[in-house]
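All remarks here apply to the structure that follows.
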Protein chains: 2
Amino acid sequence: MAIPRAAKTLRRTRIQEEKEEQILEAALDVFSARGFRGSTIDQIAEVAGMSKPNLLYYFRTKEAMHRALIDRVLYTWLEPLRAFDAEGNPEEEIRSYIRRKLEMARDFPRESRLFANEVLQGAPHIEDELKGPLKELVDEKAEVIRAWAKSGKIAKCDPYHLIFSIWSTTQHYADFDVQVRAVLGQEHAGDGRFEDAARFLEQLFIGGLRPDTSGT
Amino acid sequence: MAIPRAAKTLRRTRIQEEKEEQILEAALDVFSARGFRGSTIDQIAEVAGMSKPNLLYYFRTKEAMHRALIDRVLYTWLEPLRAFDAEGNPEEEIRSYIRRKLEMARDFPRESRLFANEVLQGAPHIEDELKGPLKELVDEKAEVIRAWAKSGKIAKCDPYHLIFSIWSTTQHYADFDVQVRAVLGQEHAGDGRFEDAARFLEQLFIGGLRPDTSGT
DNA sequence: CGGATATTTGACCGATTGGTAAACATTACA
DNA sequence: TGTAATGTTTACCAATCGGTCAAATATCCG
């Protein structure tokens, strides 16, 4: 048959739907844990519970799997930033953005690590997405933040570096999870660490962005 | 022959000194860019400008290279945190810690990425270092920060998450460099981005940690 | 110099890599 | 039910992987 291979048919079968799901789930497991180059098709096949050629029947190459995964995850990943509302209350918008990003780090650590691995190794497969859609979205939201700062609702600050800081601090709990656990030790490495992190980060960002009451 | 292989001799020759240096330099290049599993001995050999067997004459395995590299870099990497002085002025200590970490991200991005790759993929080679020396150092400095908070010199906050935040925000500029550049665009992706980042992060952390003047 | 020691290399090894070919099994549907 | 389309597997491929070995070469030092 081979819709995936030749797209002879237009509709996708139930089996296709299921198997592709299975494969991408397994691929997420493997790619996020070992990076693209460090992963092998055999590993993905084993996790997915199917043979290698079977897997290659649905995705012709290792790259195709990776690409499908990236495409699927990228949109979801930017959802919290997209929800950033220019009309909302600045303090509350920032607070909820932090909370959402932290929830994603907690609930979807593999997705976070997938991107981290990719970007860390030079983003060879997603350079276009970074320079295109991502940059545009960030530019737009940076403008919102700049406007807030200008009108005195928050402190004057560089909106890009603010966004970078929220990204890095929140994703840290997914990407550097083993380090966080190791440092916190068994006593504090339970799920409570996300609540502690949320409390600290809100304090940090809300405090750090409080508009200057004195005239600097 | 073969000090590295059998340690028959006690002194290391000049050639050994030089070649090992050359190899580790090349290994840093490759490992930091592709992760341990994604790297090959051949790649390192090519960057080092020598043959693969020659390289394996100095380091018997790929793992040995990686371990030597980690060991060498780890100490240096924790230097800024070690310099954190309990007797100093809190605000100034935090400010200079941020600045130092940011300088390291700028001047030694490969070292940062080496660790990031390692930790991201579950820290299979440095788990002991994380749970031992790293945790101890962080515990010690966290106590310092806690004391500052208790005496009202800075705001009450979770010292561990404060340290995580400084780590993540500063290392972000090394580890996610391509993303930062992509988002900032060509206009703002020059070296000035580190100064902008420093300015923003100091504002964020100093502001966010300013002791409560009102009684919460 | 000359011999001992240290360094370097080309040829090679078995295992694993990403991927293919074709036979075989299953499913959907007229 | 029959058959064409779809799905799965076994056997295999060339390339690359980490690593070895013996022979060749360079260096050191008396």
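In this text, all values refer to a predicted model and were calculated from it rather than measured experimentally.
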*Quick one: B/Met50 CE to C/dT8 P, roughly how many Å, whole number?*
7 Å

_If the condition is ring-ring contact (aromatic ring centres under 6.0 Å, His included), which residues does B/Phe176 pass it with, not counting sequence neighbours?_
B/His172

*Between B/Leu55 (CG) and D/dT20 (C1'), how many Å, whole number?*
15 Å

*Taking only N and O in the side chain of A/Gln16, is any of them less than 4.0 Å away from OP1 or OP2 of D/dG7?*
yes

All N/O donor-acceptor pairs, side-chain side in residues 70-77 of chain B, below 3.5 Å, sequence neighbours left out:
residue: B/Asp71; atom: OD1; partner: B/Arg67; partner atom: NH1; Å: 3.1
residue: B/Arg72; atom: NH1; partner: B/Glu21; partner atom: OE2; Å: 3.1
residue: B/Arg72; atom: NH2; partner: B/Glu21; partner atom: OE1; Å: 3.1

_Is B/Tyr58 close enough to C/dA6 that one of its side-chain N or O atoms is under 4.0 Å from OP1 or OP2 there?_
no

*Partners meeting side chain to side chain donor-acceptor pair (under 3.5 Å) with A/Gln121 (sequence neighbours left out)*: B/Asn117

_If you compare every side-chain N and O of B/Tyr57 against the phosphate oxygens of C/dT8 (OP1, OP2), does one of them come in below 4.0 Å?_
no

*Quick one: salt bridge (charged side-chain N to carboxylate O under 4.0 Å, His left out) partners of A/Glu63, sequence neighbours excluded?*
none

*Would one find a side-chain N or O of A/Ser51 under 4.0 angstrom from OP1 or OP2 of D/dT8?*
no

*With sequence neighbours excluded, tell me which residues meet salt bridge (charged side-chain N to carboxylate O under 4.0 Å, His left out) with B/Lys52.*
B/Asp42

Could you go through nucleotides 11-15 of chain C and list every protein N or O atom that sits under 3.5 Å from one of its N or O atoms, giving the distance for each pair?
none

Validation: residues 99-110 of chain B side-chain donor-acceptor distances under 3.5 Å, sequence neighbours left out:
residue: B/Arg110; atom: NH1; partner: B/Glu25; partner atom: OE2; Å: 2.9
residue: B/Arg110; atom: NH1; partner: B/Asp29; partner atom: OD1; Å: 2.5
residue: B/Arg110; atom: NH2; partner: B/Glu25; partner atom: OE2; Å: 3.4

*Mind calculating the distance between NZ (A/Lys62) and C1' (C/dT20) to the nearest angstrom?*
17 Å

*Between A/Leu56 (CG) and C/dT17 (P), how many Å, whole number?*
13 Å

*Tell me, which of residues 28-43 of chain A have any heavy atom that sits under 4.0 Å from an atom in DNA chain D?*
none

*Among all residues two or more places apart in sequence or in another chain, which pass the salt bridge (charged side-chain N to carboxylate O under 4.0 Å, His left out) test with B/Glu136?*
none

_Show every salt bridge (Lys or Arg N to Asp or Glu O under 4.0 Å) that has at least one partner inside residues 179-189 of chain B, sequence neighbours left out._
B/Asp177-B/Arg181

*asked:* Is the shortest side-chain heavy-atom distance between A/Phe31 and A/Met65 below 4.5 Å?
replied: yes

*Taking only the side-chain nitrogens and oxygens of B/Asn54, find out if one of them lies under 4.0 Å from OP1 or OP2 of C/dT7.*
no

*Whole angstrom is fine here: how far is it from CD1 in B/Ile44 over to P in D/dT16?*
17 Å

*Partners of A/His188 by side-chain contact (heavy atoms from CB on, under 4.5 Å), sequence neighbours excluded?*
A/Leu184

*Parallel, tilted or perpendicular: which describes the rings of A/Phe164 and B/Tyr173, with under 30° parallel and over 60° perpendicular?*
perpendicular

*Atom-pair distance (NZ on B/Lys19; P on C/dT7), nearest Å*: 9 Å

*Does any residue of residues 117-128 of chain A have a heavy atom under 4.0 Å from DNA chain C, and if so, which ones, in number order?*
none

